[in-house]
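In what follows, a structure is listed as structure tokens, so that the remarks can point back to it.
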2 protein chains.
Amino acid sequence: MKSALRTRLAEKMAGEITLSASPGEAMKKWRLAFNIAPGVLADELNFSPSVISDYEGGRRKNPGTAVVGKIVDSILSIDEANGGRHIRKFAKILYNDFDPDVIYDMHDYNMPVPLTRFCSAIACTHLVGPVDQQIYGYTVVNSENAILQLSANEFNRIYGWSTERALIFTNVSTGKSPMIAIRVTPIQTALRDSPGNLP
Amino acid sequence: MKSALRTRLAEKMAGEITLSASPGEAMKKWRLAFNIAPGVLADELNFSPSVISDYEGGRRKNPGTAVVGKIVDSILSIDEANGGRHIRKFAKILYNDFDPDVIYDMHDYNMPVPLTRFCSAIACTHLVGPVDQQIYGYTVVNSENAILQLSANEFNRIYGWSTERALIFTNVSTGKSPMIAIRVTPIQTALRDSPGNLP
DNA sequence: AGGGCATTTCGGCATTCAACGACATTCTTC
DNA sequence: GAAGAATGTCGTTGAATGCCGAAATGCCCT
């Protein structure tokens, strides 16, 4: 029997694909979110790879439920066979009731990670604030969608399990959204006393 | 723009239908859950009523995403036009993270309702305990699925907003599940001092 | 019992899907 | 920059969908 989490995630994926104006794009989005190559997916399905392309490219605009179901299931099976990393990630986000378009990833370490190590892992440049700190997790946020979809007090929840974490904002244009996240929460940020220094 | 709740519910419905081994039956289940007649649904869709029958009866075993989407949307639109009672009900259940197969309905009144009035409304027979009480809501639970799917502390959540409520157990065979619900929660029940009197 | 309604069954037809495989194109990787 | 692998495009085929309307069935009512 499949886990309840897997079932719920499958339902969400299938629902999104089914309701999408272009199911093909939605399928592609999920395949990419799980970081699966078209060929691998085709293999799992015992399909010719071109079939995947046909769907994702939109040649079949109105795929049947059976196909959608098979594809969703295969994506999840592949991930499960690889340790289920993405399933866990999405499960967590779903469980916290977030749209995966807002929170791309959220993770909590079970041990403190030095900021320097984290920084070098994601190849980022340190600009302000103290370096000798530890973090316990991170959240990757789509700035634009966060502004559009999150209410002020929902912003809080991007802090996940531990608030001592890195917040990674993608899609930043004017820099508005990170500032909102920082100002809107009662939580202290490491930058609190020098926000004016941000580039 | 459609409300976030409606969207989420639509996604759940579409997902369930799409993943179901018989999409037709799943469609029917939802139509019935929203208490909508086939003819009315067909009307909203500008379809001939026979189409609904064809799908629900399984003649078309593998409907395309477009059809599923249209049907889900129509069901929701009809309910919305009628005040959105069912949408609110399901939204609440989804929001509390319950499977609609476990909790059939959950409602909280905004004013106390005398037990006698509630009793006569659902035509039930009073067996034990005091009659002169007020309740603030009710929950309809599928006993069997509740036992199978709920963990001990999840049982708590059937109490909803107010704990002074009627719990209605359906599908009761041995009477086990109501007893579990009563024993497992720290909440006082009106029957606490005379459970032995239950028939 | 029988008229009136809602629903299901079913034959039919145009359209589209499901899937393949051949071919063109775009990455990799050396 | 060229060989090889992975993807994408496309023509093709049988099968199934999407939808209708006519006829059959079931259901309520007085």
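Chain A is the first sequence line, chain B the second, and so forth, proteins listed ahead of strands; every chain is numbered from 1.
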Query - Distance in angstrom units between A:Asp54 CG and D:dT7 C1', rounded - result: 11 Å
Query raised in the report: For the helix from C:dA1-D:dT30 to C:dC30-D:dG1, what angle lies between the axis at the first five pairs and the axis at the last five pairs, to 10 degrees?
Result: 50°
Query raised in the report: Between B:Tyr55 (OH) and C:dT9 (C1'), how many Å, whole number?
Result: 16 Å
Query raised in the report: Between B:Asn142 (side chain) and B:Val102 (backbone), is there a donor-acceptor pair under 3.5 Å?
Result: no
Query raised in the report: Rounded to the nearest Å, what distance is computed from the CD1 atom of residue B:Ile52 to the P atom of nucleotide C:dT7?
Result: 10 Å
Report summary line: Among the nucleotides D:dG18, C:dA18, D:dA22, whichever has the atom closest to the side chain of B:Pro63 is D:dG18
Requested in this report: Scan nucleotides 23-30 of chain C nucleotide by nucleotide, 5' to 3', and note B when protein non-hydrogen atoms come under 4.0 Å of the base, S if they reach only the sugar-phosphate, - if neither.
Outcome: --------
**Report entry** Spacing of A:Lys61 atom NZ relative to C:dT16 atom C1', expressed in whole Å
**Finding:** 10 Å
Requested in this report: Please answer whether the main-chain N or O of B:Gly83 pairs with a side-chain N or O of B:Arg88 as donor and acceptor at a distance below 3.5 Å.
Outcome: yes
Query raised in the report: Within the distance-only criterion (no hydrogens, no angle test), does the side chain of B:Asn171 pair as donor or acceptor with the backbone N or O of B:Ser143 below 3.5 angstrom?
Result: no
Query raised in the report: With no angle test and no hydrogens, is the base of D:dG8 tied to the side chain of A:Ser50 by a donor-acceptor pair under 3.5 Å?
Result: no
Report summary line: Note: A:Met13 and A:Leu76 closest approach over all heavy atoms is SD-CD2, 4.0 Å
Requested in this report: For the pair A:Thr18 and B:Thr18, evaluate side-chain hydrogen bond (donor to acceptor under 3.5 Å, both in side chains) and give the outcome as yes or no after the intermediate values.
Outcome: CA-CA 7 Å; A:Thr18 300; B:Thr18 300; 2.8 Å; yes
Report task. For B:Ser77 and B:Glu44, work out which heavy atoms get closest and say how close. Result -> CB-OE2, 3.7 Å
Query - Short side-chain to backbone donor-acceptor contact, A:Ser22 and A:Gly24, under 3.5 Å - result: no
**Report entry** Nearest-nucleotide 5' precedence on DNA chain C, A:Arg59 against B:Glu56
**Finding:** B:Glu56
**Report entry** Close residues, residues 22-48 of chain A, relative to DNA chain D [heavy-atom separation under 4.0 Å]
**Finding:** A:Ala37, A:Pro38, A:Gly39
Query raised in the report: Is there a donor-acceptor pair closer than 3.5 Å between any side-chain N or O of A:Arg60 and the backbone N or O of A:Tyr55?
Result: no
Report summary line: The side chain to side chain contact (heavy atoms under 4.5 Å, CB included) partners of B:Lys61 (sequence neighbours excluded) come to none
Requested in this report: Write down the atom of B:Lys70, the atom of B:Phe47, and the distance for their closest heavy-atom approach.
Outcome: NZ-CZ, 3.9 Å
Query raised in the report: Under a 4.0 Å N-O cut-off, is there an ion pair linking B:Lys29 with B:Glu25?
Result: no
Query raised in the report: Which is true for A:Asn62 with a 4.0 Å heavy-atom rule: it touches a base, it touches only sugar-phosphate, or it touches nothing?
Result: sugar-phosphate
Requested in this report: Check side-chain hydrogen bond (donor to acceptor under 3.5 Å, both in side chains) between A:Asp73 and all other residues, then give those that pass, not counting sequence neighbours.
Outcome: A:Lys2, A:Arg6
Query raised in the report: Counting distance only, does the side-chain N/O of B:Arg59 pair as donor-acceptor with the main-chain N or O of B:Asp54 below 3.5 Å?
Result: no
Query raised in the report: Using a heavy-atom distance cut-off of less than 4.0 Å, which residues of residues 64-81 of chain A contact DNA chain D?
Result: none
